[in-house]
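Start at 1 and go down the list; that is how both ligands and their atoms are numbered. Both backbone and side-chain heavy atoms feed into the values below; hydrogens, waters and symmetry mates do not.
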Amino acid sequence: MEDKIIAENELGDWRRSHYSFQISNSVINQVVTVIGWISSRRDHGNVLFVQLRDRFGDTQILVKKKELSETIFESLKSLKEHSSIAIRGRVVEQKNSSNEFEIMPEEVKILSVSNKSAPFLTQAISSIGIDTRLDLRAIDLRRNHLQNVFKIRNTILNSIRGYLSDNYFVEVNTPKMIATATEGGAALFPIFYYDREAFLAQSPQLYKEQLTMAFENVFEIAPIFRAEPSRTNRHLSEAMSIDVEKAYVDYNDMMDYLDNLIRFVIQSINEKNQMELKSLGIDLPDMSRPFSRITYSQLIENLQNSHKYIRWGDDISPKLLKDVFGDEFYFITDWPASTKPFYVKSKKMDLLTDSNTGDDSHVLSESFDLMYGSLELSSGSTRINNKVNLMDNMKKKGLSHKAFDYHLRVFDYGVPPHAGFGLGLERLLMAILKLDNIRDATFYPRDIDRLTP
Ligand code: ATP
Ligand code: MG
């Protein structure tokens with residue numbers, strides 16, 4: 001059957017008078033203007049039930065043939081889900097509708113007609129592959145499931161900004177087009193910068209450290225860009241990083257900060273998102289105790305009991321951690337300096353006694369990773385603030401002093417002792433909402449296979 005062409009109206013001077021949640025006893029029998037998109041419809045011949053969705057939820061519209069013009073009624077009847085309409089109508093009580101009211105339209109404007117049936121509707125879907133959804137992401141994002149996820153993401157961002165501002169942090173922005181890598185070149189995206197090669201910033205690390213000179217306590221919430229060649233469910237090419245840096249503290253203080261920050265975030269979600277949590281079927285993590293802390297060396301020793309091949313100095317794979325830790329937050333501290341970037345401060349006198357070879361291979365660092373189960377959420381450390389030590393470390397890591405001249409010159413003017421961390425926003429959301437795929441923790445994911453939409 002050929003689809004009828006339905007005329008669209010201009011919005012003109014029509015404006016919404018009430019959101020769905022404002023349709024209540026206080027407006028009963030009044031005429032309101034509600035606007036939104038059709039999330040579902042039931043056709044009973046001469047009567048049509050339309051669920052009109054706005055950013056808070058659905059309002060039921062009861063459309064009766066005899067009360068509207070023939071053209072309008074027939075148009076409404078043939079409108080597909082996702083079409084946008086505006087209704088002026090009277091609010092009446094309706095015990096059977098989701099919010100106990102419905103609207104009897106007096107005037108209708110069809111604002112935007114959906115010509116196609118979307119491959120997925122508003123209900124949860126399991127059989128449709130993520131690529132089909134991502135190809136039509138804006139429509140996908142209309143689904144309840146993702147609406148709930150992104151409302152909670154919003155709470156996370158607001159609560160982090162609130163918490164850090166209340167603790168005397170200044171929100172900063174640092175350049176995303178940069179001249180040199182912060183952690184070695186492998187993961188960089190090169191770009192054209194006029195007549196030169198430049199890179200997309202893989203982290204705001206050096207800039208946020210410098211800014212502790214001027215502002216002491218700084219944070220930035222911004223994208224980081226990493227050319228991650230592997231296809232995993234926990235890496236994006238463009239991710240949001242919550243970067244925090246503070247003067248006159250060390251990594252232990254920053255672990256306390258991070259623990260408290262996440263506690264505050266969970267508490268905020270608990271206060272603001274009960275409906276979303278219920279709909280997602282999520283119980284928030286147990287936050288009754290401070291996050292446990294285990295040193296890297298201790299963890300390696302534990303792992304060696306069951307995995308003889310593991311060596312001190314190895315990175316610890318998520319697969320190994322899965323067997324040891326359940327769904328809980330914990331810190332792995334004091335990593336080998338060799339596994340951490342050049343700006344991370346080494347621990348004094350902390351050579352492993354049983355394997356002290358006199359070389360640098362067993363030097364520990366003042367560092368931590370915050371984990372949730374087997375997922376890394378954050379890395380942090382005390383940073384080197386002494387120029388000579390920093391230059392030494394760069395040399396050990398094979399980095400050229402010249403390339404970092406713009407950074408090193410600041411250290412001639414007394415960079416304060418400082419520490420900080422970078423926390424992945426999508427990883428945090430994955431942990432709290434138990435999402436399997438990081439792609440559903442961001443709006444338009446970028447990965448090795450995807451550069452659109
Ligand atoms: P991983 O070992 O999981 O690849 P990393 O140690 O390389 O992470 P860091 O450089 O420590 O990452 O970055 C700090 C935080 O930023 C990480 O703990 C993580 O939460 C987040 N992050 C880093 N890279 C990515 C990425 N490609 N996609 C999503 N989040 C990321
Ligand atoms: Mg890390």
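- A cation-pi arrangement is not found for Arg263 relative to Phe329, the charged atom failing to lie both closer than 6.0 Å to the ring centre and inside a 45° cone about the ring normal.
- Distances below 4.0 Å separate heavy atoms of Ser379 from the following atoms of ligand 1: 11 (O), 18 (O).
- Against a heavy-atom cut-off of under 4.0 Å, Gly424 is close to the following atoms of ligand 1: 20 (O), 21 (C).
- A perpendicular orientation is assigned to the rings of His407 and Phe411, their planes being inclined by more than 60° (bins at 30° and 60°).
- Side chains of Glu220 and Thr174: a donor-acceptor N/O pair is present below 3.5 angstrom, by distance only.
- Contacts of Ser306 classified as side-chain contact (heavy atoms from CB on, under 4.5 Å), with partners at least two apart in sequence or in another chain: none.
- In this structure, Ser241 falls outside the shell of residues with a heavy atom less than 4.0 angstrom from ligand 1.
- Ring pair Tyr19/Phe21 is parallel by interplanar angle, where below 30° counts as parallel and above 60° as perpendicular.
- Remark: Arg42 is positioned above the aromatic ring of Phe49, its terminal NZ or CZ atom under 6.0 angstrom from the ring centre and at most 45 degrees off the axis.
- The aromatic ring centroids of Phe325 and Tyr330 lie less than 6.0 Å from each other.
- Because the distance cut-off is set at 2.8 Å, Asp369 fails to qualify as a neighbour of the Mg ion (ligand 2), as none of its N, O or S atoms comes that close.
- The distance criterion of under 3.5 Å between nitrogen or oxygen atoms is met by Leu377 with respect to ligand 1.
- Every heavy atom of Glu426 sits 4.0 Å or more from the atoms of ligand 1.
- For ligand 1, the atoms closer than 4.0 angstrom to any heavy atom of Gly422 are 14 (C), 15 (C).
- Heavy-atom contacts of Glu228 reach the following atoms of ligand 1: 24 (N), 26 (C), 27 (N) (cutoff under 4.0 Å).
- With atom 5 (P) of ligand 1 as the reference point, the heavy atom nearest to it among Arg427, Glu376, Gln205 is part of Glu376.
- Close approach to Ser378 involves these atoms of ligand 1, each under 4.0 Å from a residue heavy atom: 18 (O).
- Not a single N/O/S atom of Ser378, whether from backbone or side chain, sits less than 2.8 Å from the Mg ion (ligand 2).
- Lys246 contributes no side-chain N or O that, together with a main-chain N or O of Phe169, makes up a donor-acceptor pair within less than 3.5 Å.
- Partner of Phe368 under the ring pair (Phe, Tyr, Trp, His ring centres under 6.0 Å) criterion, out of Phe331, Tyr296, Trp335, Tyr257: Phe331 alone.
- Checked against the Mg ion (ligand 2), the N, O or S atom of Glu376 at the shortest distance is OE2.
- Ligand 1 has no N or O atom lying under 3.5 Å from any N or O atom of Ile438, backbone or side chain.
- A side-chain N or O of Asn148 and one of Ser279 form a donor-acceptor pair less than 3.5 Å apart.
- Only the side chain of Ala239 comes within 4.0 Å of ligand 1, counting heavy atoms alone; its backbone N, CA, C and O stay farther away.
- Considering backbone and side-chain N/O atoms, Leu236 comes within less than 3.5 Å of an N/O atom of ligand 1.
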